[in-house]
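Presented below is the structure to which this report refers.
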Amino acid sequence: MNINVPDFARDHFWEAPPPGTWEFWSFRFPPPCKLGEELIFRFDGIPVAKAVVARIEQPGKSACEKTGKFKKGWKVFWKPEDFIDIRR
């Protein structure tokens, strides 16, 4: 699944999540992916990173630990060790 990272999210995109937590991307609607599928993150259409879907969570279960946002969204999680920078 491709995820186009918007400009406003790029500043902190490369920051690692807090120890013991997984990173996620939030969606307004059920995401079109399944556990174990590959996520490709793109900046202006160019692939910059990839990860593997580790968990999909329905809205209302959790929010971003740092900002408290995204509680209403569907979340696709990946493990930090599965996140790979593929910039060239």
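These numbers were taken from a predicted model, which means no experiment stands behind them.
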- Taking atom CG of L35 and atom CZ of R55, what is their separation to the nearest 0.5 Å? 10.0 Å

- Would you please classify the geometry between the W25 ring and the F13 ring as parallel, tilted or perpendicular, with 30° and 60° separating the classes? perpendicular

- Message: Run E37 and I56 through side-chain contact (heavy atoms from CB on, under 4.5 Å) and show every step you take.
- Response: CA-CA 11 Å; E37 288 186 351; I56 299 172; over 6 Å; no

- Side chains of I3 and F41 in contact at under 4.5 Å (non-hydrogen atoms): yes

- If you round to the nearest 0.5 Å, how far is CG of N2 from CD of E38? 9.5 Å

- Note on the structure: On a heavy-atom basis, the closest approach of P80 and T21 is CG-O, 3.4 Å

- Message: Let me check something: do W74 and V53 share a hydrophobic cluster, defined by ILVMFWY side-chain heavy atoms less than 4.5 Å apart, either directly or through other members?
- Response: yes

- Establish, from distance only, whether the side-chain atoms of E57 and S62 form a donor-acceptor pair under 3.5 Å. yes

- Does any N or O in the side chain of K75 come within less than 3.5 Å of the main-chain N or O of F70, such that one atom is a donor and the other an acceptor? yes

- Looking only at heavy atoms, the pair that brings I86 and P47 closest together is CD1-CB, 3.8 Å

- Item | Over all atoms of both residues, closest heavy-atom pair of F43 and V5 | CE1-CB, 3.6 Å

- Message: Starting from W78, can I reach W22 by hopping between I/L/V/M/F/W/Y residues whose side chains sit under 4.5 Å apart?
- Response: no

- Query: Any idea which heavy atoms bring D85 and V48 closest together, and the distance?
  - Reply: OD1-O, 3.3 Å

- Item | Distance, nearest 0.5 Å, that separates CD1 of I40 from CG of N4 | 11.5 Å

- Atom CZ of F77 and atom CD of E23: how far apart are they, to the nearest 0.5 Å? 9.0 Å

